[in-house]
Trainee: 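Encoded as structure tokens, here's the structure I'll be asking about.
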Amino acid sequence: MSTQATGARLAWEQFWAIIWKDLRSELRTRQAWMSMGLFALLALVVFNFAFDLRVENLATVGPGALWIAFIFASILGLSRNITVEQDRGPMDRLLVAPVDRAVVYLAKVVGNVIVISVIEAVALPIFAMLYNLPIIQPAIAPILLLGTLGVAAVGTQFAALAANTRARELLTPLLIFPLIVPVVIGAVRATEALLTPIHDDAPWLGLLVAFDVIFLSVSAITFQFVVEE
Amino acid sequence: MQSVLQDSAKGKLADISRRAPVIGAALGWLGRYGELALLALTTIGMLLTIWAAFIYAPTEAVEGPVQRIFYVHVPLAWISYLAFFFVLVGSVIYLWRRDERWDAFARVNAEIGTVFTTLVLISGSLWGRAFWGAWWVWDERLTTSLLMWFIYVGYLALRAYTGRTAQGARAGAVVGILGFIVTPINYMSVKWWRTLHPDQVLPLGGTPQLPASMIVALMISLVAFTLLYTLLTIEVYKLERATAEAERLRVDVELSGQE
């Protein structure tokens, strides 16, 4: 019992140590933040032209544009991060350490969620201004968190999976997008429901929770095979 | 390695023939002529399916002749789900036992499942164009099939780009597991998102809504396509193993040439 408790505490410490390491490296280089943030803003501007937004269709098109901008920016940042890790070797050194692979995976996911959340916190007010939508309300927080967690869960696993292949730029999106559909649908619909309340709508937050729980647990178990040498 | 496995299989067979001569002879015969017999049965089954779908089954009153696509479309869809389930099974057992043959089994099923799903999507589109007036409708079953197609095309692309390495096999196994687990969630989310497809014709536990002759035609077709699937699995599996063996031999030759 006591050894189990010690093991759990050790895993907890390792978990935060990895997150803190990733965040510090990100704070120093600011690579992911710059590229992801600018990409998200650019996507929001381009969608404005692509969909010819007017007052009457803003509430229906806006949430989709917002989430596609967030998801594309996240995938871009995640695959960049893992490429840098593979090329410069911190991943190898991390895997030499006696840390459970599930802890490494979950720490990476949470670290990515924090990085993406910062982008979202900046991009959301700009979106609200550009699209003139009352999106800044307390109820958006759980949607953003659950959606981002889903994107980070899938993105972290598949970016690591494709990183060792010759065609990672092609494979990462090819593998991620078909799997991320429940997150896209759930997050976009939940955001829409926030703007134009509909009764008897499906439980979108429940869908996001179910997806996140299932995907995180299966990925935490299988991540060891992805990073195995 | 290969020859050792074959020897042990032969040894087992010899052991069985000694103890039970009739079963041993049957197994030996199956090994020698089984594939030919399966090929013959598949051909007969396919001819019967054509007869059942075009002549035996009555023309559907509402949909007209185009409904006959159903006898190809439905069995292909069922078998592609089965193939993708076997990808999951092969992937899990491969990660557990680290036996290359299970990885080959998973990969072969992904290939066949992808080809069958392609045919499902094409035959479904043809039917949809005639009956709905649109090649494509974003309902949950079509969309889930399309997403499955993308997932397993991604799986095959990953396998193609990683070559025959243990790392590629492990990565493929993880995609095979996650892809199958996500598919029901995809289905549910698209179902909540929009619904247009005609109801399932064989509700589980309920009474079938089709006339008996249509059920018979469907069953003939299902048996024929299952035979086709089995034949393809065996042949593509043997091809896959032979390719892996050939690559290994080539590496051996190249290495010995360098010495």
Trainee: Go through B:Thr183, B:Leu178, B:Thr143 and name the one with the most non-hydrogen pairs under 4.5 angstrom from chain A.
Mentor: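 Among B:Thr183, B:Leu178, B:Thr143, the one with the most close pairs to chain A is B:Leu178.
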Trainee: Between B:Arg97 and B:Asp99, is there a side-chain N and carboxylate O pair less than 4.0 Å apart?
Mentor: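 So B:Arg97 does not pair with B:Asp99 through a salt bridge.
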Trainee: Between B:Leu158 and chain A, with a heavy-atom cut-off of 4.5 Å, which part of the residue counts as in contact: side chain, backbone, both or neither?
Mentor: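 Backbone plus side chain of B:Leu158, per the 4.5 Å heavy-atom cut-off to chain A.
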Trainee: Which bit of A:Ile185 comes within less than 4.5 Å of chain B, counting heavy atoms only: side chain, backbone, both or neither?
Mentor: side chain
Trainee: Could you give me the CA-CA distance, side-chain angles and deciding distance for B:Trp132 and B:Trp127, then say whether ring pair (Phe, Tyr, Trp, His ring centres under 6.0 Å) is met?
Mentor: CA-CA 8 Å; B:Trp132 287 332; B:Trp127 180 86; 5.3 Å; yes
Trainee: For B:Ala169, is it the side chain, the backbone, both, or neither that has a heavy atom closer than 4.5 Å to a heavy atom of chain A?
Mentor: neither
Trainee: Give, as side chain, backbone, both or neither, the part of A:Phe177 having an atom under 4.5 angstrom from any heavy atom of chain B.
Mentor: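 For A:Phe177, no heavy atom lies under 4.5 Å from chain B.
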Trainee: Tell me, out of A:Phe211, A:Phe223, A:Trp204, who's got the most heavy-atom pairs with chain B below 4.5 Å.
Mentor: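 Counting heavy-atom pairs under 4.5 Å, the top option is A:Trp204.
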Trainee: Applying the side-chain contact (heavy atoms from CB on, under 4.5 Å) test to A:Thr191, which of A:Ile140, A:Leu144, A:Leu133 qualifies?
Mentor: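 Result: among A:Ile140, A:Leu144, A:Leu133, A:Ile140 is the only option passing the side-chain contact (heavy atoms from CB on, under 4.5 Å) with A:Thr191.
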Trainee: Charged N to carboxylate O under 4.0 angstrom, A:Arg101 versus A:Glu228?
Mentor: no
Trainee: I need the single residue from B:Trp149, B:Trp78, B:Tyr152 that forms a ring pair (Phe, Tyr, Trp, His ring centres under 6.0 Å) with B:Phe84. Which is it?
Mentor: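 So, applying the ring pair (Phe, Tyr, Trp, His ring centres under 6.0 Å) to B:Phe84 and each of B:Trp149, B:Trp78, B:Tyr152, only B:Tyr152 qualifies.
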Trainee: Give me the atom names and distance for the closest heavy-atom approach of A:Ala59 to A:Leu195.
Mentor: O-CD1, 4.1 Å
Trainee: Does a side-chain N-to-carboxylate-O contact under 4.0 Å join B:Glu240 and B:Arg164?
Mentor: yes
Trainee: If you count heavy-atom pairs under 4.5 Å between each of A:Val184, A:Val154, A:Leu175 and chain B, which one has the most?
Mentor: A:Leu175
Trainee: Measuring heavy-atom distances to chain A, does B:Arg159 have an atom under 4.5 Å in its side chain, in its backbone, in both, or in neither?
Mentor: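 Neither; nothing under 4.5 Å.
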Trainee: Set out, in order, the CA-CA distance, both residues' side-chain angles and the distance that settles side chain to side chain donor-acceptor pair (under 3.5 Å) for A:Thr222 and A:Gln157, then state yes or no.
Mentor: CA-CA 9 Å; A:Thr222 50; A:Gln157 172 84 312; 3.1 Å; yes
Trainee: Looking at chain B, which one of A:Leu171, A:Thr165, A:Val226 has the largest number of heavy-atom pairs inside 4.5 Å, strictly under?
Mentor: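 Ranked by contacts with chain B, first place is A:Leu171.
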Trainee: Identify whether the distance between the nearest side-chain nitrogen and carboxylate oxygen of B:Arg250 and B:Glu247 falls below 4.0 Å.
Mentor: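 No, this pair does not count.
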Trainee: Against chain A, work out which of B:Met188, B:Met148, B:Arg98 has the most heavy-atom pairs shorter than 4.5 Å and name it.
Mentor: B:Arg98
Trainee: So what's closer than 4.5 Å to chain B heavy atoms on A:Ile221: side chain, backbone, both or neither?
Mentor: neither
Trainee: Does any heavy atom of chain A fall under 4.5 Å from the side chain of B:Ile177, the backbone, both, or neither of them?
Mentor: side chain
Trainee: Below 4.5 Å, heavy-atom pairs only: which of A:Leu179, A:Leu174, A:Ile180 has the largest tally toward chain B?
Mentor: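 Max contact count across the listed options: A:Leu179.
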Trainee: Shorter than 4.5 Å, heavy atoms on both sides: which option in A:Ser219, A:Ala210, A:Gly186, A:Pro178 has the most such pairs with chain B?
Mentor: A:Pro178
